A.B. asks: 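Pasting in a structure now, in structure tokens, and then I'll have a few things to ask.
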Amino acid sequence: MTDAVGREEIVLNMGPHHPSTHGVLRFVVYTDGEIMRKAVPEVGYLHRGIEKLAEQTTYTSFIPYADRINYLEAVFASQAWAMAVERLLGVEVPKRAEVLRVIAAELNRIANHCIALGCVAMDLGAYTPFIYLLRERETINDLFEELCGARLTFNYARVGGVSHDAPDGWLDKVGAFVARFDKVMAELHALISENEILVNRMLGVGVTCAADAVAYGLVGPNLRAAGVDWDLRRDLPYSAYPGLDFAVPVGGRDGRGVAGDCYARWVVREEEMRQSARLIRQALAALPDGPVMGELPKKIKPPKGEVYAAVEGARGELGVYLVSDGSNTPYRAKWRSSSFSAMSMIELISPGLMIADLVAVIATLDTIAPEVDR
Amino acid sequence: MRPDNDIRALVGYIVETWELSPFWADVAAAVVILAVAAVVFLAVMTFAGVLTWAERRVAGRTQSRVGPNRVGPIGFLQWVVDGVKLVLKEDFVPDAADGPLFRLAPYLVILGVFSAMATVPFSQVLIAADLDVGALFIMAITSLVVVGVLMSGWASNNKWALLGGVRSAAQIVSYEVPAALSVMTIVLLAGSLSMQTIIGQQGGWPWEWYIFHSPFTFVLFFVFLASSIAEGNRIPFDLPEAESELVAGYNTEYSGMRWAGFFLGEFANVYVMSAIATTLFFGGWQVPGVAAEEHGDSLLIQGLGLVIFLGKAWVGCFVVLWARWTLPRLRVDQLMGVCYRYFIPIAFACMLGVALYALVVPAGSLPDVAVHLVTMAMGAAAVVVLFRRVGHHARSVGDRISLAEVLQRGQRFEFDPSVQLRRYGAHRRGGARESR
């Protein structure tokens with residue numbers, strides 16, 4: 001396209017092989033020099049047909065697939081699936097298993113936010129915070145390896161409980177990690193969170209107003225950053241969360257950042273990591289004795305019916321809608337994931353931003369390719 | 001101070017000793033010039049290579065990891081191996097690229113950076129050409145870099161490369177203004193454009209350096225430092241090659257030795273800029289306690305001067321590496337804003353300040369000495385505060401990798417199966433079978 005004075009619009013293909021479109025995301029970016037006219041997300045590069053796979057696998061054997069919906073928050077997807085099947089079956093989950101799920105989930109949330117914030121810093125040019133956060137995530141991976149033998153796709157939740165009880169001394173190690181983690185957060189804060197350059201790169205950039213955020217179906221930290229106070233752990237309580245005390249950070253409330261901008265998303269995630277550490281500390285203290293698997297029927301064939309179960313994943317509401325026809329495989333499974341809505345939001349907020357801002361927006365929205373396409 | 005201590009003196013000496021005819025004198029001059037050029041080129045090439053190694057080691061330590069440690073002691077020969085690898089790679093020119101320009105561009109970058117070394121001293125006697133217009137020559141010749149970068153961006157026929165090239169042109173041209181203003185202020189102080197004279201006007205002790213001459217030069221040093229980093233395309237000003245935005249910027253399409261040309265140019269530039277900063281602000285090769293005129297022919301003093309100069313320059317390089325691995329990157333409009341709204345006015349104000357200072361405070365008077373000392377105390381306090389802060393954070397979290405342990409193991413990580421088995425065993429023992 002050429003305008004009246006002969007200027008041409010540059011069409012840039014950002015991705016699928018681009019350093020800051022982590023995974024295989026792709027944006028078609030229309031720019032006037034450095035300023036974007038529009039950035040259109042293209043989805044579908046990582047479609048694996050997980051929902052169709054669910055129709056052909058039994059209820060219990062789908063759990064490893066659920067882990068792969070989003071490899072950075074594997075605990076949540078399998079937990080959502082297990083919760084859905086448990087509700088269909090009407091199975092009671094033992095208290096110890098519920099608390100272990102909370103510990104695993106919050107550890108996973110910290111690990112995910114480590115990657116999220118690290119990637120934001122890295123995409124904005126600061127490489128070192130990413131490595132520091134990766135170091136902490138590595139400790140969490142070690143803990144998970146001890147807990148369930150896997151470092152990435154944990155396959156931890158089971159229908160009716162969890163796969164492994166905490167091994168000897170594991171809870172102490174988690175406690176030690178959480179104690180150390182507070183210092184790490186202090187270091188992160190001093191190193192990068194209030195760095196003049198970083199703040200100026202994010203402040204007021206890529207603002208998602210609350211109404212748009214709700215309309216586009218943003219969830220989790222992105223939604224809270226936009227000023228909407230909504231957290232499934234508190235507002236639709238599940239698992240062992242009702243007995244635990246934690247705060248839900250909301251963007252733009254403590255004077256750091258404008259509600260809905262990139263910096264608010266950073267601040268919300270940073271605060272969520274602290275709250276997760278706090279939750280883990282409480283869960284460790286409240287961990288009851290007992291079995292980690294509930295009583296299950298011999299054959300898992302839920303009665304006809306449908307159910308929706310959702311957990312507050314690291315990226316927000318991660319839910320599964322299950323329809324059972326009474327056989328040993330689901331009739332239909334539908335996953336509701338956060339990255340898809342976050343991705344579609346980018347087209348709305350991109351006009352007028354600069355190319356460098358797009359990188360900040362992608363990174364702070366924390367979209368991840370496998371979750372977009374499933 | 002012997003202003004004839006450069007290539008001309010050497011040629012003159014040879015012509016006189018061997019009583020050469022005019023023709024052979026020209027030949028001798030050509031041979032000497034080529035030889036000196038080769039020595040300087042190789043020296044700076046080596047510095048650039050060592051700097052790539054240093055960068056990776058510094059990055060490793062900054063990031064609580066080890067860094068390259070396989071080739072040679074503490075990985076020191078890594079840069080040689082990398083160089084060999086890059087030379088052996090295919091010299092690839094994309095189909096749609098403008099071939100001649102594409103091939104030419106890296107040479108211009110290298111030429112721009114390395115030519116500057118002609119007037120940058122190593123010590124009192126080691127300097128290729130102590131030009132009367134040395135500072136001006138450096139400002140002018142380093143501008144060749146922008147031509148090379150822009151040319152590579154255009155000739156690649158790649159949109160990312162083009163954006164990188166255009167960013168680079170805007171950035172380097174803009175930041176040359178505050179950099180030139182800083183240099184010119186020092187020239188104003190020294191009363192000469194010759195690098196050796198500028199050094200000669202300072203002294204060996206810190207309070208005799210130009211950086212502590214007055215608060216104005218102190219501020220000016222930081223303007224110069226930031227502008228030099230910006231001209232060298234390093235973080236926080238590495239927009240032309242911003243990896244997460246422009247893939248690799250202007251050198252996206254380059255590979256093999258031509259890519260290494262840009263790379264070496266960038267690293268050589270770090271050394272060159274540090275050497276210029278050492279010359280302008282940190283007293284160059286001046287040995288504390290020995291006046292410049294008394295350096296004479298003593299090999300010890302001259303060697304000491306060389307060591308002092310290189311030491312200061314390498315500390316400067318370290319600061320640049322340190323900044324690179326600590327700071328995020330500015331956005332392109334912020335980059336321009338910082339230059340035009342802060343650096344240029346500050347540089348102008350400092351220039352005026354230095355001139356007024358020279359007018360009001362007589363050199364060598366009591367107030368003058370007091371100002372030197374107070375400025376130096378300010379600088380020392382800043383360094384102490386910085387190191388205490390860094391130390392505090394390092395101690396509170398600590399390293400995951402213990403350097404002592406690594407050194408004990410001879411710098412090599414070996415696979416220890418028992419560790420892996422222990423880990424696996426721990427998980428098995430605490431596994432599901434037992435708990436049920």
Side-chain angles (χ1 to χ4, degrees), chain A residues 10-14 17-20 31 33-35 119 121-132 134-135 138-139 142 145-149 162-170 180 183-184 186-187 190-192 195 197-198 200-201 205 291-293 354-360 363, chain B residues 59-65 158-160 162-163 166-167 170 234-239 242-248 322 324-338 389-390 392-401 423-436:
Chain A
I10 303 180
V11 183
L12 281 169
N13 265 310
M14 198 163 180
H17 307 292
H18 186 281
S20 66
T31 71
E34 289 274 350
I35 297 169
C119 283
M122 189 168 67
D123 287 348
L124 298 186
Y127 196 26
T128 301
F130 176 69
I131 303 282
Y132 283 14
L134 216 60
R135 177 180 67 190
E138 208 55 25
T139 318
D142 288 346
E145 190 182 0
E146 255 186 66
L147 178 67
C148 58
V162 293
S163 67
H164 298 76
D165 198 353
D168 295 342
W170 188 78
R180 179 191 144 81
K183 289 183 194 160
V184 172
E187 189 195 30
L191 177 66
I192 193 80
N195 180 297
I197 300 175
L198 190 92
N200 278 323
R201 281 293 304 274
V205 170
V292 295
M293 276 297 281
M354 306 189 87
I355 294 175
D357 292 333
L358 179 63
V359 171
Chain B
R61 295 307 303 138
T62 311
Q63 299 180 344
S64 174
R65 50 189 181 85
N158 175 314
K159 289 167 188 169
W160 302 113
L162 179 62
L163 279 171
V166 171
R167 276 186 182 188
R234 309 266 310 172
I235 280 182
F237 307 107
D238 73 330
L239 288 94
E243 191 198 336
S244 49
E245 294 158 29
L246 300 184
V247 188
W322 189 9
R324 153 128 199 221
W325 294 102
T326 310
L327 295 173
R329 176 189 307 125
L330 291 153
R331 201 170 55 209
V332 64
D333 56 325
Q334 295 169 343
L335 180 90
M336 292 296 161
V338 167
R389 232 188 111 175
V390 171
H392 169 73
H393 291 302
R395 272 192 306 278
S396 73
V397 177
D399 267 345
R400 192 176 156 98
I401 290 166
R423 262 186 173 173
Y424 186 57
H427 131 249
R428 288 283 295 276
R429 269 197 307 285
R433 211 167 305 148
E434 244 178 46
S435 62
R436 274 188 205 165

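Just so it is clear, the structure is predicted and the values come from calculations on it, not from any experiment. Below, chains carry the letters A, B, ... as their sequence lines are ordered, and counting in each starts from 1.
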A.B. asks: Heavy-atom distances under 4.5 Å only: say whether A:Asn13 touches chain B with side chain, backbone, both or neither.
C.D. replies: backbone
A.B. asks: Checking A:Tyr132 against chain B: side chain, backbone, both or neither under 4.5 Å from a heavy atom?
C.D. replies: side chain
A.B. asks: My understanding is that only residues two or more places apart in sequence, or in another chain, count here; which of them pass side-chain hydrogen bond (donor to acceptor under 3.5 Å, both in side chains) with A:Thr31?
C.D. replies: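 With neighbours one apart ignored, the set is empty.
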A.B. asks: Side chain, backbone, both or neither: which part of A:Leu198 has an atom under 4.5 Å from a heavy atom of chain B?
C.D. replies: both
A.B. asks: Go through the atoms of A:Leu134 and report whether side chain, backbone, both or neither lie under 4.5 Å from a heavy atom of chain B.
C.D. replies: neither
A.B. asks: Thinking salt bridges, do B:Arg331 and A:Glu34 make one under a 4.0 Å N-O criterion?
C.D. replies: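 Salt bridge absent between B:Arg331 and A:Glu34.
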A.B. asks: Checking B:Trp325 now: which residues fulfil side-chain hydrogen bond (donor to acceptor under 3.5 Å, both in side chains) with it, not counting sequence neighbours?
C.D. replies: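 B:Trp325: side-chain hydrogen bond (donor to acceptor under 3.5 Å, both in side chains) contacts with B:Glu55.
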A.B. asks: Has A:Asp357 got a side-chain atom pairing as donor or acceptor with A:Met354's backbone, closer than 3.5 angstrom?
C.D. replies: yes
